[in-house]
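Scroll down for the structure; my scribbles are underneath it.
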There are 2 protein chains.
Amino acid sequence: MEDLIRKNMERTLGEEISEEMLSDLKALSFEKNYDKKEYLVETGQACNYQFFILEGACYSYYLNEKGNKNVIQLAIEEYWITDAPSYFRETAAVSTIETLEPTRALMIHKKDFEKLCFSHQLFDRFFRILLQNALASLHTRIAKTISEDADHRYKGFSKRYPHFIQRIPQYLIASYLGIKPQSLSRIRKNL
Amino acid sequence: MEDLIRKNMERTLGEEISEEMLSDLKALSFEKNYDKKEYLVETGQACNYQFFILEGACYSYYLNEKGNKNVIQLAIEEYWITDAPSYFRETAAVSTIETLEPTRALMIHKKDFEKLCFSHQLFDRFFRILLQNALASLHTRIAKTISEDADHRYKGFSKRYPHFIQRIPQYLIASYLGIKPQSLSRIRKNL
DNA sequence: TCAAATGATTCACCTATGTTAAGAAAACAG
DNA sequence: CTGTTTTCTTAACATAGGTGAATCATTTGA
């Protein structure tokens, strides 16, 4: 289904987008296929693209000094993912983004992103709304991370993101929740 | 100094803004003074404004079931603060925003925010950049919260936000870091 | 100017989660 | 189908940080 992106934009904006806008988007973006375990972004390099997942699954993580992965984002079909610091400022990526399955993604270069926003106010609005939503979600995530115990966080996560529970390895969900895989296993044992 | 807001916008955008833009902003925003311990936003009510702090200090927090405050944002001069879920979507505020000192803030109603973005592309851009920066910071905060121990988080925080260490009560900083005031006190004792 | 409220510290004890290590189960590759 | 790698589980033990209670210090405001 080629028009996942159109659907995503129209749902986010609450209005239909013109054919012209869509064709400008297609002209300034492209699709790419990745195998399982390939990198979309690597720490330390410039992240020049944001990705809209058309098919597949991936995740982003930070590595700390001890070499542990700390999962920042999970993404499957219809999710947007990128290294925000690098894409939006002019810095090196702080996270790595890796596929979990063979993945097909729509990619938008940051220059083209600026062009799109400049040429259609509706793009500006669309991306502003995406950012607003992301911000609201992160506020909620922070609040839960600092206030709830691991058990509650896992229950809340499973309820809110059942599609992730089915597709993402448990040890990555554990990391996303800020706990160790063994602890998540223990939590699941007690229902 | 009346033009804190201009300074903030120009620094963020990396370019000067026109007199016209500035006067449109002034026309669609207003200033308000708050006493210490007043609410800018209350949980459950619509949050129709975003606030740019001209003078003073405030913080936003979620209350969990047990009635504990969980600090989401801290803000002093030149910081923007609002309840993102409520301001950007059409929902009730999930957080409370309260002053810590007598505070003077510039307020922008969400309707006027839309108008400003619509009438000057540069406003769109400005707010998109604000959001992008906020997002990048939250990614970092999440990563640190789930990967570092309390001691490291406090050290990192003091280094990055020395101005908050001086002005914000310790028990709120503890909450921001996801720990109890007693623990922060224990951490500080060991330098 | 002093009582009351607020914020910080300390301590003894407790608990959730981390650590290490091992083995079972599932997924994958040849 | 079979061996290898990845993911998940279990358990014994260790520890960072939570809890509750008491005390001290500081700020506030009547």
Side-chain angles (χ1 to χ4, degrees), chain A residues 34-38 56-59 61 64-71 74 98-103 143-158 164-191, chain B residues 34-39 56-59 61 64-71 74 96 98-103 143-158 164-191:
Chain A
Y34 292 88
D35 290 337
K36 183 170 175 172
K37 290 200 183 183
E38 269 199 279
C58 60
Y59 70 113
Y61 58 90
N64 65 12
E65 326 80 55
K66 318 198 75 179
N68 299 319
K69 285 183 182 178
N70 296 110
V71 175
L74 298 170
E98 192 178 333
T99 56
L100 287 165
E101 305 173 5
T103 294
K144 294 191 169 172
T145 301
I146 67 180
S147 74
E148 295 182 353
D149 63 18
D151 182 76
H152 278 106
R153 273 177 286 156
Y154 179 68
K155 283 178 190 149
F157 182 90
S158 334
F164 284 150
I165 297 289
Q166 289 158 357
R167 280 175 76 176
I168 310 289
Q170 252 182 60
Y171 70 98
L172 293 180
I173 291 174
S175 168
Y176 181 96
L177 295 172
I179 56 178
K180 300 291 154 189
Q182 297 92 318
S183 298
L184 181 51
S185 195
R186 174 159 46 193
I187 285 164
R188 282 162 47 84
K189 196 168 55 167
N190 314 327
L191 285 173
Chain B
Y34 292 88
D35 289 336
K36 182 171 176 171
K37 289 200 183 184
E38 267 198 280
Y39 297 118
C58 61
Y59 70 113
Y61 57 90
N64 66 11
E65 327 77 56
K66 318 198 76 178
N68 300 321
K69 286 183 182 177
N70 296 108
V71 175
L74 299 170
T96 299
E98 192 177 331
T99 56
L100 287 165
E101 306 172 4
T103 295
K144 295 191 168 171
T145 302
I146 67 179
S147 75
E148 296 182 352
D149 65 17
D151 182 75
H152 278 105
R153 283 185 323 238
Y154 179 68
K155 283 178 190 150
F157 181 90
S158 332
F164 283 150
I165 297 287
Q166 289 157 357
R167 278 175 79 176
I168 311 288
Q170 252 181 58
Y171 72 99
L172 294 180
I173 291 174
S175 168
Y176 181 96
L177 295 172
I179 57 178
K180 301 291 153 187
Q182 296 95 318
S183 299
L184 182 50
S185 196
R186 174 158 47 190
I187 285 164
R188 282 162 48 84
K189 196 169 54 169
N190 314 329
L191 286 175

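First the proteins, then the strands, lettered A, B, ... as listed; each starts at 1.
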The side chain of [X] is closest to which nucleotide in this list: [options]?
{"X": "B:Ser183", "options": "C:dC28, D:dG17, D:dC8", "value": "D:dG17"}
{"X": "B:Ala150", "options": "C:dT17, D:dG17, D:dC8", "value": "D:dG17"}
{"X": "A:Pro169", "options": "C:dA8, D:dT7, C:dG18", "value": "D:dT7"}

Looking at [N], I'd like to know if its phosphate oxygens (OP1 or OP2) sit under 4.0 Å from a side-chain N or O belonging to [X].
{"X": "B:Ser185", "N": "C:dA8", "result": "no"}
{"X": "A:Lys189", "N": "D:dC8", "result": "no"}
{"X": "B:Arg186", "N": "D:dG17", "result": "no"}
{"X": "B:Lys37", "N": "D:dT28", "result": "no"}

Considering all heavy atoms, the nearest B:Leu172-B:Ile168 contact: CB-CG2, 4.0 Å
Atom [atom1] of [X] and atom [atom2] of [N]: how far apart are they, to the nearest Å?
{"X": "A:Gln170", "N": "C:dA25", "atom1": "CD", "atom2": "P", "result": "15 Å"}
{"X": "A:Leu184", "N": "C:dA16", "atom1": "CG", "atom2": "P", "result": "16 Å"}
{"X": "B:Lys180", "N": "C:dC13", "atom1": "NZ", "atom2": "C1'", "result": "17 Å"}
{"X": "A:Leu177", "N": "C:dA16", "atom1": "CG", "atom2": "C1'", "result": "15 Å"}
{"X": "B:Ile187", "N": "D:dT15", "atom1": "CD1", "atom2": "C1'", "result": "14 Å"}
{"X": "A:Ile173", "N": "D:dT7", "atom1": "CD1", "atom2": "P", "result": "13 Å"}
{"X": "B:Arg188", "N": "C:dA8", "atom1": "CZ", "atom2": "P", "result": "8 Å"}
{"X": "B:Ile168", "N": "C:dA8", "atom1": "CD1", "atom2": "C1'", "result": "16 Å"}

Donor-acceptor pair (no angle test) under 3.5 Å: B:Gln182 side chain, D:dT19 base: no
Ring-ring centroid check A:Tyr176 A:Phe157, cutoff 6.0 Å: yes
B:Glu98 vs B:Tyr61 side-chain heavy atoms within contact, under 4.5 Å: yes
Heavy-atom check, side chain of A:Ile173 versus side chain of A:Ile165, under 4.5 Å: yes
Selection residues 164-191 of chain A - residue pairs positive for salt bridge (Lys or Arg N to Asp or Glu O under 4.0 Å), sequence neighbours left out: A:Glu77-A:Arg167, A:Glu101-A:Arg167
